[in-house]
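A short worksheet on the structure shown next.
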Amino acid sequence: MGICGYLAVPGKCLVVLGLKLLFLVPAGVPARSGDSVLKDNITVRQGDSAVLKCNVDSKVSRVAWLNRTTILFAGNEKWSLDPRVILMENTAVTEYSIKIQNVDIHDEGPYVCSILTNKKPKSTKVHLIVQVPARITNISKDVTVNEGSNVNLMCLAVGRPEANIVWNHHSPRGTHKILTEGEHLELKAITKEQSGTYECIASNDISNPDVRTVQVTVNYPPFISKARSTGTPVGQKGVLQCEASAVPRADFEWYKEDRRLFNGLNGVKIENHGKQSMLIFFNVSEEDYGNYTCVAMNTMGITNASIILYGPGAMHDVNGAAVLPRASICLLLTVTSFYLLKF
């Protein structure tokens, strides 16, 4: 809204127009020796204060500051209704400066210090540039997908100069990798190794970078990473361990041949702690020796490992992870069918 929109008296509008005609000069009129000096562009950060300086001499009879077509100050009289714009208390009579506090984007643009010397109007032009720190305005939400799916992540940011966006990946194993630049990150046929935290960093060197994160969870079937056979003398405590990585977390079942074992029955105890399951024998007997099967399953799939509990001097597979015999394969198919029916 022009200044006339704020004034109810038509006569004052005529005064305003008169001031504009008096002070405004065509764009590009240079300042000559003894007149106001042309200033360079002034660059400030959003929220800071900008001081616009205008040097004058004793021959100046009238002076004013204008922003585009709006008069801010005419001499010492304030015309602007913006409380952020103030006239500086200059220590030198040859300086006529204003300050704009808490600068924002809409303040950017040309400012003119118009002076009247020997009845000849001249001007000094200042262009105010407002820089805005990079700020992330929108980012993808946390997502859970199945292994092999495609994932598209998005991170939008604003800033002046334009914000630069970089994607980093922090895996659950603690590794860190810089991936790419740009608003969009595409992950094709995602693997379990690509799960973790994806970090969007927006920066433009105006202030500290803005950082936001997206958590990507990848569901994958169980993978047994530890299943070692154990030798235990009769009468001692024996422990068989089975460890499986999986998302969602795997459920465990234990079998001896084709018979499922239950916690607290037949002198055994089953303890599950996260991705580890233990089959505990409190008092090993000859009948306890033999082949055991650890079955790990979740909604994505099922897997198994064969583990042997043996006595001193017995022949055994030290690796403890073997393919099930034919009878146990039938058992595994039965377990799989039963488990999948629960989902």
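Only this structure's heavy atoms are used, side chains among them; waters, hydrogens and symmetry mates stay out. All residue numbers refer to positions in the sequence shown, counting from 1.
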Checking H169 side chain against S195 main chain: does a donor-acceptor pair fall under 3.5 Å? yes

Result for side-chain hydrogen bond (donor to acceptor under 3.5 Å, both in side chains) between E108 and one of Q46, H127, R160 points to R160

Q. Under 4.5 Å between side-chain heavy atoms, hopping through other hydrophobics if needed: is there a path connecting F252 to Y220?
A. no

Query - ILVMFWY network linking I190 to L185, side-chain heavy atoms under 4.5 angstrom - result: yes

Is there a donor-acceptor contact under 3.5 Å from the side chain of N150 to the main chain of A189?
yes

Measuring only between side-chain heavy atoms, which start at C-beta, is S80 closer than 4.5 Å to W65?
no

When every non-hydrogen atom of I201 is compared with those of P209, the smallest separation belongs to CG2-CB, 3.7 Å

- Message: For a side chain to side chain contact (heavy atoms under 4.5 Å, CB included) check, start with the C-alpha distance between H273 and M278, then their side-chain angles and the critical distance, and finish with the verdict.
- Response: CA-CA 8 Å; H273 302 284; M278 294 184 295; 3.9 Å; yes

Minimal heavy-atom distance between L128 and V44, with the atoms involved, is CD1-CG2, 3.9 Å

### Query
Is it the case that one hydrophobic cluster holds both I224 and I302, taking links as side-chain heavy atoms less than 4.5 Å apart, direct or via other members?
no

Taking every heavy atom of G196 against every heavy atom of P172, the minimum-distance pair comes out as CA-CD, 4.0 Å

**Prompt:** Would a distance-only check, ignoring hydrogens and angles, find a side-chain to backbone donor-acceptor pair under 3.5 Å from R84 to N102?
**Reply:** yes

Rounded to the nearest 0.5 angstrom, the CD-CD distance for E193 and E147 is 7.0 Å

For residues V216 and Q194, determine if any side-chain heavy atom of one lies less than 4.5 Å from a side-chain heavy atom of the other. no

Rounded to the nearest 0.5 angstrom, the CG-CG distance for D82 and D107 is 7.0 Å

Scanning both residues in full, the closest heavy-atom pair of I136 with R212 reads CD1-CG, 3.5 Å

Review point. Do N272 and S277 have a side chain donor and acceptor closer than 3.5 Å?
Key: yes

*Does atom CD of E162 have more than 12 heavy-atom neighbours from other groups under 6.0 Å away?*
no

**Item:** Within-4.5 Å side-chain heavy-atom neighbours: T230 and V239
**Value:** no

Worksheet entry | Same cluster (ILVMFWY, side-chain, under 4.5 Å), V103 and V126 | yes

Using only atom types and a distance under 3.5 Å, with no angle test, would you say the side chain of K78 pairs donor to acceptor with the backbone of V85? yes

Note: C200 and I139 closest approach over all heavy atoms is CB-CD1, 3.9 Å

*Can you check side chain to side chain contact (heavy atoms under 4.5 Å, CB included) on K192 and V247, steps first, answer last?*
CA-CA 9 Å; K192 56 181 176 289; V247 177; over 6 Å; no

**Prompt:** When you look at H176 and I178, which way does the side chain to side chain contact (heavy atoms under 4.5 Å, CB included) test go after all the steps?
**Reply:** CA-CA 7 Å; H176 169 250; I178 300 175; 4.1 Å; yes

Taken to the nearest 0.5 Å, the spacing of I71 CD1 from L66 CG works out to 5.5 Å

Problem set entry | 4.5 Å side-chain heavy-atom contact, V112 and P110 | no

Beyond-backbone contact of L261 with Y292, side-chain heavy atoms, under 4.5 angstrom: yes

**Asked** So H184 and N152, side chain to side chain contact (heavy atoms under 4.5 Å, CB included) or not? Walk me through it.
**Response** CA-CA 7 Å; H184 298 277; N152 293 291; over 6 Å; no

For D142, is the CG atom crowded, meaning more than 12 foreign heavy atoms sit under 6.0 Å from it?
yes

**Asked** Are the side chain of N219 and the backbone N or O of T144 linked by a donor-acceptor pair below 3.5 Å?
**Response** no

*asked:* Tell me if a side-chain donor or acceptor on Y289 pairs with a main-chain N or O of V234 at a distance below 3.5 Å.
replied: yes

Note to self: Would you say that L240 contacts F281 through its side chain, given a criterion of any heavy-atom pair below 4.5 Å between the two side chains?
What the structure shows: yes

Scanning both residues in full, the closest heavy-atom pair of I307 with C242 reads CD1-CB, 4.3 Å

request  = Could you check if a side-chain atom of Y198 sits within less than 4.5 angstrom of a side-chain atom of L187, using non-hydrogen atoms only?
outcome  = yes

Grouping I, L, V, M, F, W and Y whenever their side-chain heavy atoms are under 4.5 Å apart, do L156 and V132 come out in a common cluster?
no

TODO: Give a yes or no on whether the backbone of G75 and the side-chain of Y96 come within a donor-acceptor separation of less than 3.5 Å.
DONE: yes

**Study point:** Test item: W167 side-chain N/O and G182 main-chain N/O as donor-acceptor pair under 3.5 Å
**Key:** yes

So CZ of R135 and OG of S207: to nearest 0.5 Å the spacing works out to 11.0 Å

- Item | Polar side-chain atom of N263 near backbone of I270 as donor-acceptor pair, under 3.5 Å | yes

So CG of D210 and CD1 of I165: to nearest 0.5 Å the spacing works out to 10.0 Å

Contact check, side chains of Q241 and Q276, non-hydrogen atoms, under 4.5 Å
yes

| With distance as the sole test, does R260 use its side chain to make a donor-acceptor pair with the main-chain N or O of E253 at under 3.5 Å? | no

The reported gap from CH2 in W254 to CZ in R259 (rounded to nearest 0.5 angstrom) is 14.0 Å

